[in-house]
Structure formats: structure tokens, C-alpha cells
Protein chains: 2
Amino acid sequence: MMPQNGISRFIGRLQLHGRLSPQSIEAIRALPWRLIKRTKLSYVLREGDIPQEVSILVAGFAQRQKHTSDGTRQIVSFSFPGDPLDFDCLFLNEADFSVQMSTNGTIACVRTEAVNALLDKQPEVGRVITTALLADAAVSREWVVNTGRRDARQRLAHLLCEVLVRAKAQQIETDVFELPFTQEQLADATGLTPVHVNRVLRQLTGEGAISRNGRFITVPSWDVLEEIAGFDDRFLHLHDAR
Amino acid sequence: MMPQNGISRFIGRLQLHGRLSPQSIEAIRALPWRLIKRTKLSYVLREGDIPQEVSILVAGFAQRQKHTSDGTRQIVSFSFPGDPLDFDCLFLNEADFSVQMSTNGTIACVRTEAVNALLDKQPEVGRVITTALLADAAVSREWVVNTGRRDARQRLAHLLCEVLVRAKAQQIETDVFELPFTQEQLADATGLTPVHVNRVLRQLTGEGAISRNGRFITVPSWDVLEEIAGFDDRFLHLHDAR
DNA sequence: CGATGTCTTGATCGATATCAACGCTCGTGG
DNA sequence: CCACGAGCGTTGATATCGATCAAGACATCG
């Protein structure tokens with residue numbers, strides 16, 4: 001059975017960044033995808049690997065992360081269903097980050113040769129994939145700003161805004177959203193301590209920017225959260241493919 | 001007179017990431033480049049622009065930066081002679097960062113249509129440009145780690161390592177290197193304060209990791225600096241084009 | 001039912017920010 | 001040619017945000 005639902009989400013993600021012709025869509029679907037179930041915390045890829053396959057996230061959530069020489073971890077991005085996980089490796093041999101599942105989930109893999117063959121045949125596909133990868137790069141730049149120039153409260157608010165907007169863009173229910181990340185993961189994404197994340201989350205709740213019930217969060221007033229974060233979604237490049 | 005020297009550096013930069021055929025090189029040179037002198041602090045591009053031209057840095061240094069809603073600045077990368085400055089805009093309409101000259105210098109511009117036409121004709125060129133842009137993305141990820149998980153001393157050491165290695169990769173003399181950046185710029189690149197940058201630079205000098213004479217810096221022992229920074233140059237992807 | 005992971009809270013510490021002031025250098029205009 | 005001012009680097013004193021250390025509460029799962 002072909003993993004069509006998973007691939008559809010991927011195509012949806014690509015189309016956030018540019019139109020694809022029916023032939024291109026068909027060609028992407030026709031790639032020899034292999035579906036693989038993955039448990040929480042398992043690694044899809046490790047820093048330094050030279051993968052022969054690339055993968056997309058079909059279900060669940062994942063994180064891309066790097067380690068410093070003294071062992072601390074920094075999460076450099078979160079991935080949602082439909083996102084390519086390591087397509088950078090089509091162009092750069094060696095992975096400079098690891099990909100770890102944040103939750104149980106499913107990925108779909110293809111051999112890099114198959115994708116490269118498709119890129120040769122349908123340059124349009126290459127263009128859209130490049131655009132999607134560069135949109136991810138724009139997110140990384142925003143994360144530099146986040147960790148470099150915002151205080152803890154702004155950082156967390158900004159991360160929450162990003163997660164909610166991206167989730168929504170990929171057709172995920174966000175009115176009541178179950179945050180798939182532990183406070184420790186949020187800490188490693190924002191350059192903070194789990195303890196401090198806890199306190200700040202609490203503070204954001206206190207001022208009515210979010211409300212929480214376990215890991216389920218609701219945003220009573222988007223304006224308030226956005227204002228705290230200084231959030232402007234343009235860095236996500238959701239609407240400006242050339 | 002054609003700006004061949006500047007373009008050569010650009011081709012050199014691209015070839016860090018992949019071979020180019022003689023025809024492709026010729027085609028890049030043949031693009032209708034326009035050379036423009038730029039003074040220190042002038043803007044090449046501003047956040048939100050939708051440029052009709054893209055440019056490369058021919059001489060001097062530049063920085064890419066973003067502003068937060070409350071006006072603070074974060075530099076998200078430094079550019080060296082030969083680097084493309086805003087080629088992301090070939091794929092993403094709207095610029096999510098500004099480009100400002102760090103020093104006096106020269107850039108070379110081309111209209112985006114001309115580049116796009118070349119990409120259609122020589123897909124090989126598109127592939128190498130994409131690779132170069134994704135290598136920049138890898139640098140952004142490393143900067144997230146830098147600002148998120150390293151202390152001030154490691155951050156500055158790491159930034160200096162990166163600057164020196166990249167300068168060397170682009171044929172710039174680095175035995176005695178004149179840092180083209182003020183301490184304020186270093187602060188905005190590392191998420192620190194100018195005062196603190198000053199103190200840490202002083203500390204690094206004290207422990208013999210670097211030695212300074214005005215803005216000229218020398219690295220007495222690369223090992224020491226690299227050790228402090230926990231520097232591993234793999235994120236620069238200087239040698240692994242597919 | 002115990003073990004493990006996650007969240008929570010309090011007390012204290014420390015790295016870096018902030019505030020303030022001074023000196024040097026260099027370019028510019030009188 | 002000199003005087004001046006702006007920009008940059010430097011230094012000291014103090015404040016603060018977030019880290020660290022420690023421990024308990026709760027839920028989930030084998």
C-alpha cells in the first residue's frame with residue numbers, strides 16, 4: 001500500500017512555497033517511498049552521517065539538533081508532519097545536525113538517487129524543494145535572533161507563535177493544541193534551562209498570554225502573545241514563492 | 001571593463017561546494033554584472049524588500065542582520081569577498097534580512113531574470129548555487145548553537161575561528177588578519193554587549209588564545225583557540241559537495 | 001506497586017547587562 | 001594647520017536575569 005496520505009502532506013508543504021504541475025506531483029508520489037515507524041527519541045540521522053536516503057516526516061514530530069563539544073544540546077528546529085527532514089543532504093554530503101523523533105511517529109524514506117533522478121527530469125521540483133529548504137534557513141536565522149537578542153519571556157512566546165502558525169499552515173488543529181515537546185526540549189530550543197522554562201510558561205499563563213492544561217495549550221488572545229513575542233510571520237515565507 | 005576579478009572570487013566560492021564545467025563558468029562570467037561601489041554602513045538590501053536584482057560581494061565585508069520589534073539588532077552572518085549576498089531572493093520573494101556593508105567595498109549586481117535564465121539553461125549552476133546557499137544555512141544553525149548554548153568566551157572564540165577559516169578558504173591572508181568588525185558588531189553577532197565583548201577579547205588575549213594590535217589579530221596557537229571554542233569546521237561544508 | 005520521567009517550587013549564585021565616564025584616533029571643517 | 005567632535009575602545013561599579021542546586025508532587029507504565 002502506497003503511503004499516499006503522508007506524501008500528500010509533503011506535497012502540501014512544498015506547495016506552501018510554489019505551485020507544482022500535476023505531472024510533478026505525480027512524479028513525487030511515484031517515488032519509491034518506504035514507510036517506517038519510529039519511536040519517540042529514536043534517531044533518524046546523526047551528525048556526521050553521509051546518508052544514502054532522505055526522509056520526510058509523515059506523522060508525529062521531530063527535532064533537528066546539534067551538540068557542542070562539551071556535551072550540551074541545542075535544538076535548531078522542530079519538524080511537523082509533511083516536512084522534509086534531511087533533504088539538505090541531497091546537496092551537502094555530510095549531515096551537520098542530528099534528527100531525533102520528539103514523539104512516536106512515521107517517516108517515509110527514499111534513496112537519494114531516486115530523488116536526484118527526479119530533479120534532473122523535472123527541474124520545477126528541484127526549484128520548489130530548494131525554496132522549501134531556504135525557507136527553513138530563514139527560520140534558522142530567526143532562531144539566531146531569538147536566542148541572541150530576546151529575553152526568556154519573548155523567546156518562549158516567539159517559539160510558541162512559530163509552532164502554532166506552522167502547525168496551522170500544515171492543517172493541524174490549533175485551537176487546542178497539544179504541545180508535543182517537554183519543557184526540557186523547549187529549553188534546548190530556546191537556550192534556556194528547563195527550570196526557567198517552567199517559570200516563564202507559568203508567567204505567560206499568569207498574564208493571560210496562553211492557558212495550559214497539561215501539555216494542551218490555548219491562546220486566549222493571539223494579539224497578546226504576538227505582542228509579547230514581537231512576532232511577525234514573514235520569516236516563515238508562507239506566501240511568497242517566486 | 002568587465003569585473004572579472006570580483007566574479008572569479010565568486011566562482012571560487014561556488015567551487016568550494018562543487019565542480020563547475022568550463023561552459024558554466026563562462027556563462028556565469030557572461031552575465032550582465034554591474035559593479036557598484038558601496039560605503040561602510042550603506043544598505044545593499046533591507047528586510048521586506050522584493051529585489052529585482054541579486055548581488056555578490058566583490059571587495060570589503062558585509063553583514064546580514066535582522067531587527068527585533070523593540071529595535072535591537074542581531075547580525076545573522078558575515079559575508080566575505082566572493083560570497084553571494086542575497087541569492088536566497090532568487091527563490092524567496094521577500095527578503096527576511098537586511099544586508100549592510102561592514103566596510104567600504106564593492107558589490108556586483110545582476111537582474112534576477114538573467115540569473116534565472118542561466119539556471120534554466122545550465123541546471124548544474126543551479127545545483128551549485130543551491131549547495132552554497134544551504135552551506136550558509138548550516139552556518140546559521142551553528143550560530144543558533146553559538147548564541148544558545150555557549151558562554152561568552154566560547155562564543156567569541158568560535159566566531160573568530162569561523163571568520164579565520166572562512167577567510168582562508170577564500171584566499172584571504174590570515175596570518176595577521178585585520179578584523180573588519182567593531183566590537184559592537186561582534187556583540188551583535190554573538191548576542192552580547194559591546195562592553196562584555198571588550199572584556200572577553202581582553203581575556204582571550206590574556207590566556208594567549210589570540211594576540212591583538214588594534215584590529216589586527218594573530219593566533220599564536222590555533223589549538224588553544226580551537227579548544228576554547230570547541231570548534232569543528234565540518235559545519236562549513238568546505239569539502240563535501242555531492 | 002515501585003520506578004522513571006516530567007513538572008513544580010524555593011534558595012542561592014554567578015555571568016553578563018547596565019550605567020557612567022574617560023582617552024585615543026582620525027577625519028573634517030574653519 | 002589646528003580645533004573639534006564623533007566613533008571606538010577601555011575601565012569600574014552595580015544591578016539583574018537566568019543558572020544552579022535541591023527536593024517534592026504527580027502521573028504513567030511496566
Side-chain angles (χ1 to χ4, degrees), chain A residues 39-42 61 63 68 70-75 100-104 146-159 178-206 210-217 228, chain B residues 39-42 61 63 68 70-75 100-104 146-159 178-206 210-217 228:
Chain A
T39 62
K40 183 170 162 175
L41 301 186
S42 66
F61 295 84
Q63 61 210 29
T68 62
D70 40 54
T72 65
R73 174 177 74 167
Q74 173 72 43
I75 292 176
Q100 190 177 19
M101 295 299 295
S102 312
T103 65
N104 292 331
N146 213 32
T147 51
R149 283 293 180 231
R150 283 196 262 258
D151 68 24
R153 176 165 157 273
Q154 296 171 317
R155 270 186 227 186
L156 270 164
H158 199 278
L159 181 61
E178 183 179 7
L179 257 195
F181 313 112
T182 65
Q183 292 180 4
E184 187 177 6
Q185 288 167 321
L186 296 178
D188 282 334
T190 48
L192 298 168
T193 309
V195 196
H196 202 56
V197 166
N198 183 289
R199 293 196 231 264
V200 173
L201 241 27
R202 183 150 289 273
Q203 184 191 355
L204 288 173
T205 309
I210 57 175
S211 75
R212 300 185 303 148
N213 186 356
R215 290 209 196 146
F216 289 88
I217 71 168
I228 292 172
Chain B
T39 62
K40 183 170 163 175
L41 301 186
S42 66
F61 295 85
Q63 62 210 30
T68 62
D70 39 54
T72 65
R73 175 177 75 166
Q74 173 72 43
I75 292 175
Q100 189 177 20
M101 295 299 295
S102 313
T103 65
N104 291 332
N146 213 33
T147 50
R149 282 293 181 230
R150 282 194 263 258
D151 67 24
R153 177 164 155 275
Q154 295 172 317
R155 271 186 224 187
L156 271 164
H158 199 279
L159 180 62
E178 183 179 8
L179 256 195
F181 313 113
T182 65
Q183 293 180 2
E184 187 177 7
Q185 288 167 322
L186 296 177
D188 283 334
T190 47
L192 299 168
T193 314
V195 225
H196 201 57
V197 166
N198 183 290
R199 293 196 233 264
V200 172
L201 242 26
R202 185 150 287 273
Q203 183 191 356
L204 287 172
T205 309
I210 58 175
S211 75
R212 300 185 302 149
N213 187 355
R215 289 208 197 148
F216 289 89
I217 72 168
I228 291 172

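Just so we're on the same page: letters track the sequence lines, and every chain starts at 1.
Contacts of A:Gly214 with the nucleic acid, taken as non-hydrogen atoms under 4.0 Å apart, are absent. Within 4.0 Å of A:Thr182, counting heavy atoms only, lie sugar-phosphate atoms of the nucleic acid but no base atom. At a threshold of 4.0 angstrom between heavy atoms, the contacts of B:Arg212 are confined to the sugar-phosphate backbone, with no base atom among them. Nucleic acid contact for A:Val200: none, since no nucleic acid atom lies under 4.0 Å from a heavy atom of the residue.
Put simply, CG on A:Leu156 is 16 Å from P on D:dC17, counting in whole angstrom units. The CD-P distance, from A:Glu184 to D:dA19, rounds to 13 Å in whole Å. When the P atom of D:dT10 is taken as reference, atom NE2 of B:His196 falls 15 Å away, rounded to whole Å. Between B:Arg215 atom CZ and C:dC24 atom P there is a gap of 18 Å when expressed in whole angstrom units. Atom CG in B:Asn198 sits roughly 19 Å away from atom P in D:dG7 (whole-Å rounding). If you measure from atom CG of B:Leu192 to atom P of C:dT18, you get 11 Å, rounded to the nearest angstrom. Distance CZ (A:Phe181) to P (C:dT6): 14 Å, rounded to an integer number of Å. When rounded to the nearest whole Å, the span between CD of B:Gln183 and C1' of C:dT16 equals 16 Å.
Evaluation of atom-type donor-acceptor distances gives no pair under 3.5 Å for the side chain of B:Arg150 against the base of C:dT16. At a cut-off of 3.5 angstrom, counting only N and O atoms as typed in the model, there is a donor on one side and an acceptor on the other between the side-chain of B:Arg199 and the base of D:dG12.
For B:Phe61 against B:Thr103, the heavy-atom pair with the smallest separation is N-OG1, 3.0 Å. Summarising the geometry of A:Thr190 relative to A:Thr147, their closest heavy-atom pair is O-CG2, 3.7 Å, with the distance given to 0.1 Å.
Taking CD from B:Gln74 and CD from B:Gln63, the interatomic distance works out to 11.0 Å, rounded to the nearest 0.5 Å.
Each of A:Leu201, A:Asn198, A:Leu192 was compared with A:Leu186 under the side-chain contact (heavy atoms from CB on, under 4.5 Å) criterion, and only A:Leu201 meets it.
When only modelled atom types and interatomic distance are considered, A:Gln154 and B:Asp70 share a side-chain donor-acceptor pair under 3.5 Å.
Summary of the strand contacts: A:Arg153 and B:Pro194 both lie near DNA chain D, and taking for each the nucleotide with the nearest heavy atom, the more 5' one is attributed to B:Pro194. Residues A:Leu201 and B:Arg155 both approach DNA chain C. Their nearest nucleotides, taken by heavy-atom distance, put A:Leu201 toward the 5′ side.
In the set C:dA17, C:dT9, C:dT6, the nucleotide with an atom closest to the side chain of A:Lys40 is C:dT6.
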